[in-house]
Structures are given as structure tokens and as C-alpha cells.
Amino acid sequence: MQTQIKEITKESLKEAKKIIENGGVVAIPTETVYGLGGDAFNDTAVKNIFEIKGRPSNNPLIAHVHKDYDLSKITDYDPPYAKKLREAFLPGPLTLVYPSTGKVSPLVSCGLNTLAVRVPSHEGAQAFLRAVEIPIVAPSANVSRHVSPTSAEHVFDDLGGKIPLILDGGECQGGIESTVCDCTGEYPVILRSGLVTREMIEKVVGTCGEYTPDLKSGEKVKSPGVLYKHYAPRCKTMLFSAKNAKNAKNAISAYIAENLENKGVAVLCEEKRMEEFEKAGAKVLNLGKNQAEMAMRLYKLLREAEKLCELLIVVEPEETGGIMAGVLNRLRKACTSEDVK
Ligand code: TXA
Ligand code: MG
């Protein structure tokens, strides 16, 4: 199959709509990462999305709707705090999980009785969702477990030849996936951290929990996505906490000494640390100097690293509050399955 990349115009939206109506899939930009979209009501389309990505069949999908879509068509219960969250943050990078009316394909929520709904703020995404006028399920448009895509080219690198159309809406400004927040209980609970932070949610509704699965209890995991190693670049990785940056320097020399034929060692770190690692003989990828910049650049740099080096050494930024919760969560999932050094 030939994959076309097209700017968002009346014509390309028409084409996208036709593909969706025929049960096909289209990659779309959002303010967080690119998504691989299909008709949420169509079993075949949903099945295709899982197949194309190689996604585990128990990891549910988010339904995307435009900002005037009538939520009562697909969700069953709307607690007052969810209304407050919508008013404060939507359209934007916050996904809310509601009890489902069961109207979308049963494959969307993988057996859960809930439905995750997101109203993206990206203009191109809104235009597309208005054109199709149905909920579109859209996981990130990468091969499962690879780094999420923040440009049309990233989508093409992963899914070129497998999908007919990528709508090109430029580089994603957010850079990490939406915050996923459960709205089925007494107060909201964050299932996946992101650009809308716990602090921001607490300011609006008072209380906000954070979910960590207790695997020993045998309880059904609320958000299966939290279990998987994710976002991983296709090179070796080592992760160091900010306070262990000295050990990262030793790791560079040790790796180079032990692997004389190596194809390069790169370090991903915040801007203020660049010089010390350049001196240590590594190529350095600049994550940035503030939180928003670090979120926006993260996936792009992880994709650059896999082309550039054999070993990527990541040194965590010092800051931990705000959207760093999301950034650190992605870095850790990308780079280790073990403890941080
Ligand atoms: O920013 C985003 O959210 C992007 C863009 C494309 O919109 N989408 C995205 O989708 O990141 P995906 O499929 O890569 O991640 C969806 C996450 C997974 O962790 C999944 O487990 C969780 O949302 N999820 C989906 N439906 C759920 C549900 N009903 N209950 C709990 N978690 C759910
Ligand atoms: Mg994903």
C-alpha cells in the first residue's frame, strides 16, 4: 500500500472522511502526538488498528471527538467534577474515562465497562473530527512499544506502507501523550500523567488521586497501558538519575573502552548539563531548558538517538514537579525495565 502524506485541506479532509467511512484508518495530528484513527463504531476498523500497530489486545483505545460532540451518546455518567475538568482543560491534552454506554465497538475498551474520551485542541484534529462527525479511536501512531510520533515523518517511518494517508499538521507542540484521568469514582484519579498535571487538576476540583496498580492483589488493572514497556528507542539505553550524573560519565568511558568498535555513545540530558558530557566524549542531545521544552523534544530526540548511536545514556533532569511527572514517566519506561541507577 502506498502511504500519502498530505497537508490538511478541504480536499484531504474529504479523502480522509471517505477512508474512515469505508472502515479504513488515517493518521492524524494532535497537540500531543500523532494518532492512528478509525471509526469507533466499526469493529473491523478497530481490529485493524490493533493489527497495524501490533498492539496487545488488552490495551484499550481512546475515543476522540470534536468540541461540540454530544458526550451522552457514548458515555453514561457524568460526575460534576468531570464537567469542571472539561470546562477548565478541554479542548486539550486531558483524556477522561467515563462509564460507557456500550455503543462503540466492544473492541475499543477491551472488556472494560468504561470509555476514555479525548477532545484534542489541535486545529487540524478538530477539523478532521468535525468532518467525520463520529468518535474516532486513535492510539499513538507508532508501532507498539516504539517511541510515539510527534511528526508526520515519524508516523511514516513506523507505518509507511501499512496505512493509506497521514494528515500532516506539523510538529506536535505538546510532545507527550494526554493525561488519562479516571472519572468513574468519587474524585478524579490520574491513570497516566501528562501535560495536564495533578496540581492543575487539584486546583480546579480539590482532590485528585494517582493510580498505581497493585499487581500482587490480583485486582484487574484499571489502565492496562501502565503495564507495558513503552516508547523505547531501538538502541541500547542506560538511565541515570540527576544525582548520579557522575556515574553516567564513568559509564561513557567504560562503554567506549569495552566496545572499541561501537557506533557511538550519545547522552540525552537537560541543557545545563550538556558541556560536562561533551567533555566526556559523547554526542549530546539537548532535552531543553524548561519543562515544556523537555516534553516537546523528548520523543523526537529518542528517535534521533536510535539513528545516531549504539548506546543512549539518559540523565534525568533535576526538576520533578508539574509536567516532569509525565516526562520522567516516559523516560523511565523508554529506557529501563530495571531500577534507575
Ligand atoms: O495524547 C494521546 O492520548 C494520544 C493522542 C493520539 O490522542 N493517544 C494515545 O493513545 O496516547 P494510546 O492508545 O497510545 O494510549 C491510551 C492510554 C493507554 O494507556 C490505555 O491503557 C489508556 O489510555 N486507556 C484507554 N482506554 C481506557 C479505559 N477505558 N480505561 C482506562 N485506561 C484507558
Ligand atoms: Mg501509545
Side-chain angles (χ1 to χ4, degrees), residues 25-38 40 46 49-50 52-65 74-76 89-102 104-122 124-126 128-129 135-150 154-155 158-159 167 169 172-185 188-196 211 213 220-232 295 299 326 329-330 333-334:
V25 298
V26 174
I28 56 165
T30 81
E31 72 279 18
T32 57
V33 301
Y34 275 69
L36 179 62
V46 181
I49 289 176
F50 279 92
I52 291 169
K53 277 184 61 102
R55 183 179 178 96
S57 60
N58 66 345
N59 193 8
L61 303 176
I62 298 172
H64 296 61
V65 295
I74 49 175
T75 63
D76 205 14
F89 301 115
L90 301 191
L94 175 66
T95 296
L96 300 178
V97 176
Y98 305 89
S100 171
T101 55
V104 298
S105 162
L107 304 173
V108 170
S109 293
C110 307
L112 299 171
N113 56 6
T114 53
L115 178 66
V117 183
R118 162 154 151 69
V119 185
S121 61
H122 189 289
Q126 281 290 320
F128 166 76
L129 292 166
I136 294 291
V137 280
S140 49
N142 51 282
V143 168
S144 196
R145 294 187 171 85
H146 191 213
V147 182
S148 298
T150 55
H154 291 168
V155 179
D158 274 27
L159 303 179
L167 290 176
C172 303
Q173 298 300 302
I176 58 171
E177 300 86 347
S178 63
T179 306
V180 178
C181 185
D182 181 73
C183 294
T184 61
V189 175
I190 292 179
L191 303 176
R192 176 177 75 184
S193 51
L195 297 167
V196 174
Y211 175 68
K220 193 165 181 182
V221 175
K222 269 202 166 165
S223 192
V226 300
L227 293 182
Y228 300 116
K229 185 174 159 100
H230 251 117
Y231 327 112
Y299 288 147
N329 160 277
R330 305 308 192 277
K333 283 198 155 196

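Numbering of ligands and ligand atoms starts at 1, following listing order. Predicted model, so just to flag it, every value in this text is computed and none were measured.
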Taking 4.0 Å as the limit for heavy-atom contacts, which would you say applies to [X] with ligand 1: side chain only, backbone only, both, or neither?
X: P60; answer: both
X: D182; answer: neither
X: R55; answer: side chain

Counting both backbone and side chain atoms, is some N or O of [X] under 3.5 Å from an N or O of ligand 1?
X: T32; answer: yes
X: T95; answer: no
X: R192; answer: yes
X: K53; answer: no

May I ask you to check whether S148 and E177 show a side-chain donor-acceptor distance below 3.5 Å? yes
Do S178 and T95 have a side chain donor and acceptor closer than 3.5 Å? yes
Between the main-chain N or O of [Y] and the side-chain N or O of [X], is there a donor-acceptor pair closer than 3.5 Å?
X: S105; Y: L107; answer: yes
X: K53; Y: L159; answer: no
X: N142; Y: P149; answer: no

Report the distance from atom [atom1] of [X] to atom [atom2] of [Y], rounding to the nearest 0.5 Å.
X: T114; Y: D76; atom1: OG1; atom2: CG; result: 11.5 Å
X: F128; Y: H64; atom1: CZ; atom2: NE2; result: 10.0 Å
X: L96; Y: L90; atom1: CG; atom2: CG; result: 5.5 Å
X: C181; Y: F89; atom1: SG; atom2: CZ; result: 9.5 Å
X: I136; Y: I62; atom1: CD1; atom2: CD1; result: 14.0 Å

For P93 and ligand 1, answer yes if some heavy atom of the residue is under 4.0 Å from a ligand atom, otherwise no. no
Tell me which one of P99, C181, S140 gets a heavy atom nearest to atom 9 (C) of ligand 1.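 Selected option, by shortest heavy-atom distance: S140.
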With heavy atoms of [X] as the reference, note each atom of ligand 1 found under 4.0 Å away.
X: S178; result: 1 (O), 2 (C), 3 (O)
X: T114; result: 28 (C), 29 (N), 30 (N)
X: R118; result: 1 (O), 2 (C), 3 (O), 5 (C), 7 (O)
X: P139; result: 10 (O), 12 (P), 13 (O)
X: L191; result: 31 (C), 32 (N)
X: A138; result: 6 (C), 8 (N), 10 (O)
X: E177; result: 1 (O), 2 (C), 11 (O)
X: A116; result: 25 (C), 26 (N), 27 (C), 29 (N)

Among P120, P93, S140, S121, which residue meets the side chain to side chain contact (heavy atoms under 4.5 Å, CB included) test with T32?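 That would be P93.
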Does the shortest distance from the Mg ion (ligand 2) to an N/O/S atom of S140 fall below 2.8 Å? yes
